[in-house]
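See below for the structure under consideration.
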Amino acid sequence: MAQCVQSVQEFIQDSFVPMVAVLCSEDAERVTRKNSLSFPELLRPFCRLTSEGHLRDPNNQVVVVKGLRISVTGINTRPPQTPEMHRLLSQAVSVCQPPEGSPANVITAGDYDLNISATTPWFETYRENFLQSMPASEHEFLNHYLACMLVVSSCEAVPTEQFLKLSQEQHRIQHSGEYTHPKWFIPNTLKYYVLLHDISEGDEQRADSVYEDMKQRYGTQGCYLLKINSRSGSTGADEQMPDPWSQYLHKTSIHNPVSATTSLQCSSTVVNTIKINLPNIMKYYDNETHPLQLDQPTDAGYPSNNASQSVNNVDMTRPQKQASVTSHTTPTPRGTCLTLNDHDHIRQFIQEFTFRGLLPHIEKNIRQLNDQLVSRKGLSRSLFSATKKLFGGGKVPEKSIAELKNTAGLLYPSEAPELQIRKMADLCFLVQHYELAYNCYHTAKKDFLSDQAMLYAAGALEMAAVAAFLQSGAPRPYPAHYMDTAIQTYRDVCKNMLLAERCCLLSAEILKSQTKYSDAATLLIKMTSEDSDLRSALLLEQAAHCFINMRGPMVRKFAFHMILAGHRFSKAGQKRHALRCYCQALQVYKGKGWALAEDHINFTIGRQSFTLRQPDNAVAAFRHILINDSKQSAVQQTAFLREYLYVYKVRNTHSCIMEALTLFSTGEKQAATHVSLDQEFDRDLSPLWRELEERVVAVVNRGAVPITFQPSQCCLNSQTDNLRYPLAVVEEPIIVEVVFRNPLKIPLALSALCLLWKFTPKDFSDPQGNTAGETITNEKTMALNDIIDTQVIPEFTISPEETKVARLKLLPHKTGELHVLGVVYNLGTGEVDNSEGDLMCVRGQQNLEIQGPRLNMTKEEKTSVTYGPDHRLDPIITPLMPLLEVFFINFPTGLLCGEIRKAWVEFVNVSAVPLTGLRVASTHPEFFTFGSAASDLTPVTPTAAEHCSAYKTVAMPPSVEIVSLVSPAAFGVTSGDRPVVAEIPLSQGVLGPGEALQIPLWLRGPDREGVHEINFLFYYESTEKTAKLSHRVLRHTAFICASRSLSVRATASRSNTLHSRERETEERQEGEEKNGSMLVFVDVENINTSEAGVREFHIVQVSSSSRQWRLHKCINPVGDKDSKLASRERGKLCFKATRCRTEEATSEKYTFADLNLGNEQIVSSTTPCADFFFRRGLPSEPRRGGVSTGGASQIWRQSGTDDGVTNIVKKCSEVELDIIVLWKAYVVEDNKQLILEGQLHVALQTIGKEACSLSQKEKNVLLNLIRPTSEDFMFLTFFFLLFSSLCMVPVTLTLSNCSLAQVDVIVDLRHKTTSPESLEVHGSFSWLGQTQYKLQLQAQEVYRLSLKACFFQAGVYNLGTPRVFAKLAQTSAMCETSQQSAMPALIIINSV
């Protein structure tokens, strides 16, 4: 149970106090009403004694009475009837609410931190008033009157006569038998005579003389002179005096907050119905009711009740005074004629009455009852000792309730010994003599049970248990089973729920004080029933507090019983208390996975809050049901949403704009028109775009990037850098993407969806940037499209559990600072409200508050949780800027490796201002070219160029080389680097508003097969410089799928096998120049697998480009010039190369030499052939996220030793000659034959070292251990004419161990090998003799192996087919060294 203000002993003592009646004359009543009080009300604050009282028990032992309180009421104060009592108790509980700022009890139990009310004053109020409203019963005497005060004013003509009349009236009421109420404790009721003297009006000497006469007549212990009203009401109005009556009368007003209009003034028209002629002396008391009593019909059981008489005259006025607590009227001041001395007089009067009148009267009656019982039963002198003797030992067996017959209606006569024992026990209990009281109750209990008088027995059991508990020193344990039996008897046998409830309240408090919370909770729960919702609610709430106050708090039981209590409170009409119970229970169920229970609690809280006019709490509760992943059915969710929307529809005020269901998670992206929001942010690509932009900016600024440079960001999200304010351009739309998620199982209909913003106009042309206007917003009105054009989505429906994207657009028309605040919309269920005929929808608003990234740089930021700003929704609107759109025409998605394709690109300026400085940067500059300024750009349109070659061609029969000199600068190449940034030529350098420009674009397929990502960044500026935005960029990403085409291998060797006659001819042709020559072998293989529909490739031309060498002529012994290659075929070409002439050999210009193999010559020194040559890159693919910057010059590989002679030899072997192989391919596509063309590049660096157009595979380190060589049989011509049609040629294979270790060597001559490099495609020949040799070479040893080859037909053969395996002598692994890696050993067989 919750904490109480009183201890359990104080609570029980205040529940059972001596009852004193008051009978007052008319004049005495008039004296007290000067203070707006009746006489019982006047005494009420002073009815608790501050000093101890004493009396002696029948054994002459002194009994100390501490803190005794007496109850003084009018003689006819009547408790209300049962229905009215229920209504009054309900009103008392309803008014008593938790005070503001009341102390909270925070209980930590496991994972729970519960904030629970420390006290429950509404329960204490209910309990106090319930016990006060208990009607007097025949089976007990605790609430029977023990004494009666007869009050007469000193201003009466003959006060003694008035006392006599009042005494006779009291006697008539008690003994005439006409009235069943009030109940009197004993026949000889104590009469205490009070002379009330008004000091401000009366004669004090006369009062004293009357009092002296009273003492002679009634004795000094039976009368008292009470002097009050020391001042008049008018004189004391200005002086502030304490008001001790407020706490009592206000408490009563809380019990009964019913306003009344009856005046406190006595009505002269009220007629007294007392049979004797007493003018109006019984007026107040005959009509006084219980403090909880409302107007009710008259009852013949009470004296002076007549239908013609005003009923509850005074008690109707009491609520009038007390209702001022809850009403707006000013309360009537009380005690205005009393001073502090008068207060002391009243306090002294109560003390004198109790100590000299009441307690001696009780002591005398205890002795008389004890004597009567002793004499009747023939026991010893003292009942106290007798009970000790009789009941000091064991117990008498008791029958169960089920065995007892229903004798609840059994009545004893008033003189019955059993009632005398009970009467004595009650007297002892009232004066705190609990030991004697317990013994008497125990004795009476036995007698009642033997007579099967169950009502009397239950009462005795109840009070025996209480008396046992209250005994000082606790001589015996609390007999809880007495209470259980009493409750069961009251409830099941006697059918008296009031007495059962009283018994339960007392026992629960006692058990709680003994920390027996489990037993107390069980008892409280048993008392719940369907007959009283209020009682059940209060008891269930107290049971919940018992569970939480246990040594091990039972949190879930607390919450469950709180919900039960809230339900019963709701049924009882106690909405506020129901809401409080549900809110406390929610602390336990919230966020613990009890989804359905949590939904039920929130739904109930929402309804109760709305009923109590707490719309904010109702909204929060309903919102909680809808925003979480609800496990409710769709029908239930529809009901929840309808309730939620109804709350807002009723709450139709401006301040009630809905905070919105969190039906979405926001992922905002802001973009210009040329950025697609469908593209996901790539963190790896971000530094790539930044680097490209930096390169362009550096080129524009002559090689230096400005300090203030910031990369352009057109699309912002949670992963981008949002620390800076983004820049937007006036008259260009800003798009915010919001992701809505519907967590419900029902569709949601959003309408009139738009962005909410505020805007501050600023003129950025002003250097100071002063504000041009006041901040405006569209929160109040949407009619601001002249400043910011706001897009409104009329309908936006989200299906159940769907995630849907809404893109909302703003179009600014003025410069300034824009702040996107949130989104507004109408939220509805899509169902028609039948009551009003329109959709059930409300206006909602969701603020977009974005949390920035967590800061983690400084020590303070690391030790605390600090977040940086996020300004993605706060763009700055800058003045007009150009806006570029780029369109690619005939742009392919797939190319062959090295394929050349001509496309077109169109640049359109869609803004109202001109643009200039158009440039493009790319991660793959070798992929495209716009051509050089000197190139012929005809044809000028894409349509005209559809069936034309991408190259510049001229008709030319095969002949010697055609030489031309070209400078790299003409193609945009300087300092040996590839041009990463290219400037796009514009007419007069400007592209005007609305203008478009089409220029050709040549593309070359990448050398490596696969899918390639090509990134373009277009840079442009405005003709008018602005401070906010210096330039703009446009990004484009293209994906190209490259397929395999040809593989080209080339080798250069010194020409030392020419005949002397040929040398002389060459020398004459060269004149006096001492130029050298060499042979270039080109091996071309078709590695295309026909996946692109390619039938065959034709080698149409071989060109060279170098500053020192040039191809001179093609050496081809075969007369057929056709160089057609089908799939997987390989062709070999041999060319003679000579040094450039003196005038051609320069360090700046390249010499291009073209050797065409057909009837058309491709001019390789012009666009696009020369462009792609100068833009060629390294064979390796550039890394993703970086820009490759390989130069035109290749990296030379140096190996071997640092010996000086070796270096000289190597220097002589160096050669810089680039071979360009131009080809055509025939493709069948859609039953049409297309001609593709392309070019491949091979860079020869060293004589005798093979170069390839594709990247070489890495080789094992043992490749250098063995170096097979062939000497001087390259390109030799043998003329053997044998009758057997066979040609046998001796061959010497030289093996050289270049290492300092012993090496085991295996030579395998088998022709068909598994190594791809050793495949022979030119013909078939055989090795004669042994096909495998196992040798061992010592360190630095050279071994010559003699072999013999056999040829069957004429042709060109490669003798480099033997496979050589080498290993160190100490290891077991074998490593293959392919002969293909060395220079080819060709032999030509003319005829066989």
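Owing to the predicted nature of the structure, the values given are computational and were not obtained by experimental measurement. We use all heavy atoms of the structure for the numbers below, so side chains are in, but hydrogens, waters and symmetry mates are not.
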Q: Take Arg607 and Glu643 through the test salt bridge (Lys or Arg N to Asp or Glu O under 4.0 Å) and record every step on the way to the result.
A: CA-CA 8 Å; Arg607 277 199 164 180; Glu643 293 269 357; 2.4 Å; yes

(Q) Is it true that Tyr482 and Ser507 share a donor-acceptor pair across their side chains at a distance under 3.5 Å? (A) no

(Q) Using a strict threshold of under 4.0 Å (side-chain N to carboxylate O), is an ion pair present between Arg127 and Glu501? (A) no

Q | Positive for ring pair (Phe, Tyr, Trp, His ring centres under 6.0 Å) with Phe429, one of Phe141, Phe469, Tyr434 | A | Tyr434

(Q) Could you check whether Glu140 and Tyr456, counting side-chain N and O atoms only, form a donor-acceptor pair closer than 3.5 Å? (A) no

Q) Leu523 and Ala508: which non-hydrogen atoms are nearest, and at how many Å? A) CD2-N, 3.9 Å

Q.
Can you confirm if the aromatic rings of Phe603 and Phe640 lie within a centre distance of less than 6.0 Å?
A. yes

Q.
Between His577 and Glu541, is there a side-chain donor-acceptor contact under 3.5 Å, judged purely by atom types and distance?
A. no

Q.
Testing the 3.5 Å rule here: is there a donor-acceptor pair between the side chains of Tyr441 and Asp426?
A. yes

Q: Tell me, yes or no, whether the heavy-atom count around Phe560 atom CZ, taken from other residues, nucleotides or ligands under 6.0 Å, exceeds 12.
A: no

Q. Would a distance-only check, ignoring hydrogens and angles, find a side-chain to backbone donor-acceptor pair under 3.5 Å from Ser532 to Arg535?
A. yes

Q: Give a yes or no on this: more than 12 heavy atoms of other residues, nucleotides or ligands lie within 6.0 Å of atom NZ of Lys575.
A: yes

Q | Verdict with supporting geometry, Gln542 and Thr120, side chain to side chain donor-acceptor pair (under 3.5 Å) | A | CA-CA 9 Å; Gln542 294 305 308; Thr120 52; 3.2 Å; yes

Q. Quick one: do Lys526 and Asp484 make a salt bridge, cutoff under 4.0 Å?
A. no

Q. What about the rings of Phe558 and Phe547, do their centers lie closer together than 6.0 Å?
A. no

